[in-house]
Amino acid sequence: MNLEAKIEAILFAAAKPFSVRRLAELTDEAPKDIEAAITAMLESLNDAESGVMLQRNGSEVELVTRPEAAEVVAQVVKAEAQGELSRPSLEALTILAYRGPLTRPELEQVRGVQSSMILRNLQLRGLVEEREDVRLGQPTYAVTFAFLNHLGVASIEELPEYESLRGSAAVSDVLAQLESSVDSIEELPTQSV
Amino acid sequence: MNLEAKIEAILFAAAKPFSVRRLAELTDEAPKDIEAAITAMLESLNDAESGVMLQRNGSEVELVTRPEAAEVVAQVVKAEAQGELSRPSLEALTILAYRGPLTRPELEQVRGVQSSMILRNLQLRGLVEEREDVRLGQPTYAVTFAFLNHLGVASIEELPEYESLRGSAAVSDVLAQLESSVDSIEELPTQSV
Amino acid sequence: MSYPTLMAVTFQVDSFEGPLDLLLQLVEQEELDVSSVSLAKVAEQFLHYVQSSKTIVPEELADFLVIAAKLMYLKSKLLIPSLIDEELEEGPDLETQLREYQRFVAASREIDTMWKAGNRSFVREQRAMKRTEVAFAPPPGVTLESLAALMHRVIARIEPIVRLPKASIERAVSIQDKIRDLFTRIRSHATTSFHTFVKDAGSRTEAIISFLALLELVKQRFVVVDQKALFHDIDISSSPDAPQHDPLAESFA
């Protein structure tokens with residue numbers, strides 16, 4: 001893999017600006033070679049019919065979307081932040097409403113699905129917040145007051161069937177399984193991953 | 001700005017997978033035009049001396065770094081450690097990769113052993129996901145982008161001997177026999193719940 | 001636990017995952033291809049492992065028993081062609097199933113190599129999204145009722161997971177009960193026929209279990225079978241020198 005491709009991969013994955021010096025360290029190349037690669041990239045990348053371009057600011061470079069794509073990108077960002085919730089997101093939100101505060105592993109145990117992206121998205125939308133209490137070294141999450149307000153309830157206890165759904169034995173049992181195998185999911189009954 | 005560039009910008013900015021249908025909505029283009037653009041992108045992007053490649057999984061696409069850049073990129077991003085895969089996990093993942101999406105009874109038919117716990121554990125690790133399509137009233141499961149990422153392939157078609165294992169007549173026979181005897185599903189060896 | 005008829009184990013399998021894995025290991029150790037003949041050849045070893053293994057978890061015992069039954073059926077068909085039973089013939093045949101399984105096991109080794117190689121791709125860190133300043137973005141269309149309905153669905157989905165170990169153990173227990181029951185029935189009714197025996201089975205699984213139990217009892221000389229002529233029904237009667245205890249049922253406990 002050539003140096004330009006390596007630089008592109010770094011800038012893409014880290015999603016932030018890098019200095020020439022730092023890129024030289026990371027790739028174990030001379031700064032002047034980094035400079036040469038950047039010059040070449042500025043030409044090839046920014047000439048091409050691409051959605052992404054290289055931006056140079058002093059000694060730092062960063063990959064950004066092209067200005068021509070600004071409109072569609074803004075639309076995507078807005079839809080992501082304010083559009084309808086995906087089913088999995090809605091499910092996570094519901095579980096946190098009825099059974100929160102929960103840690104991420106607890107939420108995942110109830111959903112049976114990895115949920116880190118979803119949790120982050122719900123936080124970004126101001127629907128879920130991190131709470132101060134920590135369980136088993138993990139932060140806990142609960143729905144926000146703003147969300148309850150939006151639903152038209154003053155407190156979480158006013159959710160329909162709150163007591164019975166919160167007290168579900170199945171949920172308690174599945175959470176108990178998690179506690180009995182704190183170290184990892186590999187200790188779940190019957191099979192390991 | 002052409003459609004390919006727009007799609008690239010969207011995938012770059014949102015940093016997550018998008019379905020063809022969703023891309024069609026966002027760009028206000030026909031799904032078949034999106035398909036054509038993706039096909040073109042898979043050729044141009046993935047052939048090029050680039051640090052980035054387009055990944056396809058089912059009806060979704062995502063931009064990721066090329067596997068050749070793994071070492072240098074690993075220095076700048078935090079990826080959740082996945083650890084090794086147990087034999088049952090590997091077996092289930094392999095079958096789902098080559099033959100998926102599959103329902104649980106179908107997976108169990110190939111493995112010869114009940115697989116609900118292994119499916120759950122793989123979903124908790126984010127390596128398997130439930131797909132929207134349902135067969136015989138059962139949800140179907142397939143491998144995720146996270147799985148493809150870990151192997152460093154652009155799509156499942158790049159897995160060794162994909163064609164022969166995917167198209168394996170014998171597997172089709174086994175599954176066809178299974179489907180033709182819907183009523184006997186209740187009595188399948190591995191169904192226990 | 002000692003079974004004189006089952007002592008012909010020539011290889012040791014250290015560990016196995018599931019019945020097909022055990023079966024494949026046995027076939028491969030004998031350096032055989034997957035065929036009905038080779039499956040019949042390792043059938044006894046398979047049974048031996050199922051009966052004596054400490055590593056088979058109760059949740060998976062039923063899966064092992066079904067494969068065991070298929071093996072015994074396959075073996076007996078080679079000996080007595082008239083034994084063909086429509087119910088037992090249904091479903092994918094074991095040979096095809098195992099051959100497929102073998103291919104996937106081979107493929108999974110390659111996947112494992114790729115997994116461990118570390119040549120992985122990375123997604124882009126999600127910084128772009130963080131720049132948007134979102135205070136509160138209410139989800140359109142979410143109501144109190146929809147939340148309650150969704151929570152009900154979540155709980156409904158968890159229940160089988162919580163019940164799973166218990167349900168599987170119950171299933172294995174019911175298979176044990178069935179074997180015990182068969183043993184008692186054969187002893188009390190001096191003579192019964194294979195046809196009657198299988199006819200009483202309520203499902204295909206039961207028929208398989210019945211058949212497995214019968215073959216075991218024959219092998220251990222608890223019962224004697226007599227077939228008057230080819231294609232005739234098989235008469236089953238309890239053996240005059242049958243021991244009074246019930247080792248078969250115990251062996252599955």
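Protein chains get the first letters and strands the later ones, always in sequence-line order, with residue 1 at the start of each.
- At most 12 non-hydrogen atoms from other residues, nucleotides or ligands lie less than 6.0 angstrom from CD of C:Glu31.
- Judged by distance alone, the side chain of B:Asn149 and the main-chain N or O of C:Val123 form no donor-acceptor pair under 3.5 Å.
- Taking the side chain as every heavy atom from C-beta outward, C:Ile111 and B:Leu151 approach each other to under 4.5 Å.
- For C:Asp33, the CG atom is loosely surrounded, since the number of other residues' heavy atoms within 6.0 Å does not exceed 12.
- Distance alone, capped at 3.5 Å, is enough to place a donor-acceptor pair between the C:Ser121 side chain and the B:Thr65 backbone.
- When all heavy atoms of C:Arg120 and B:His150 are compared, the closest pair comes out as CB-O, 3.5 Å.
- Environment of CD in B:Glu132: sparse, with no more than 12 heavy atoms of neighbouring residues, nucleotides or ligands closer than 6.0 Å.
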Could you walk me through whether B:Glu91 and C:Phe104 pass side chain to side chain contact (heavy atoms under 4.5 Å, CB included), step by step? CA-CA 7 Å; B:Glu91 198 180 285; C:Phe104 280 115; 5.8 Å; no

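- The distance from the CG atom of C:Asp112 to the CZ atom of B:Arg87 is 10.0 Å, given to the nearest 0.5 Å.
- Counting only heavy atoms from C-beta outward, the side chains of C:Arg124 and B:Leu63 never approach each other to under 4.5 Å.
- Atom CZ of residue C:Arg103 and atom OG of residue B:Ser164 lie 4.5 Å apart, to the nearest 0.5 angstrom.
- Distance CH2/C:Trp115 to CG/B:Leu90: 8.5 Å, rounded to 0.5 Å.
- Taken to the nearest 0.5 Å, the CZ atom of C:Phe122 stands 15.0 Å off from the CZ atom of B:Arg66.
- Neither the backbone nor the side chain of B:Ala97 comes within less than 4.5 Å of any heavy atom in chain C.
- The two residues C:Asp63 and B:Gly112 have their closest heavy-atom pair at CB-O, 3.7 Å.
- With a 4.5 angstrom heavy-atom cutoff, B:Ile95 touches chain C via backbone and side-chain atoms both.
- Contact check for B:Pro160 versus C:Met114: side-chain heavy atoms found under the 4.5 Å cut-off.
- Your options are C:Leu20, C:Val105, C:Leu23, C:Thr113, and the one with the most heavy-atom pairs under 4.5 Å with chain B is C:Leu20.
- Taking 4.5 Å as the limit, every side-chain heavy atom of C:Glu110 sits out of range of all side-chain heavy atoms of B:Thr94.
- Other residues, nucleotides and ligands contribute over 12 non-hydrogen atoms within 6.0 Å of the CD atom of B:Glu158.
- Atoms CD and CZ, on C:Glu100 and B:Arg99 in that order, are 8.5 Å from each other to the nearest 0.5 Å.
- Minimum interatomic distance between C:Glu125 and B:Lys78 (heavy atoms only, all atoms of both residues): OE2-N, 3.8 Å.
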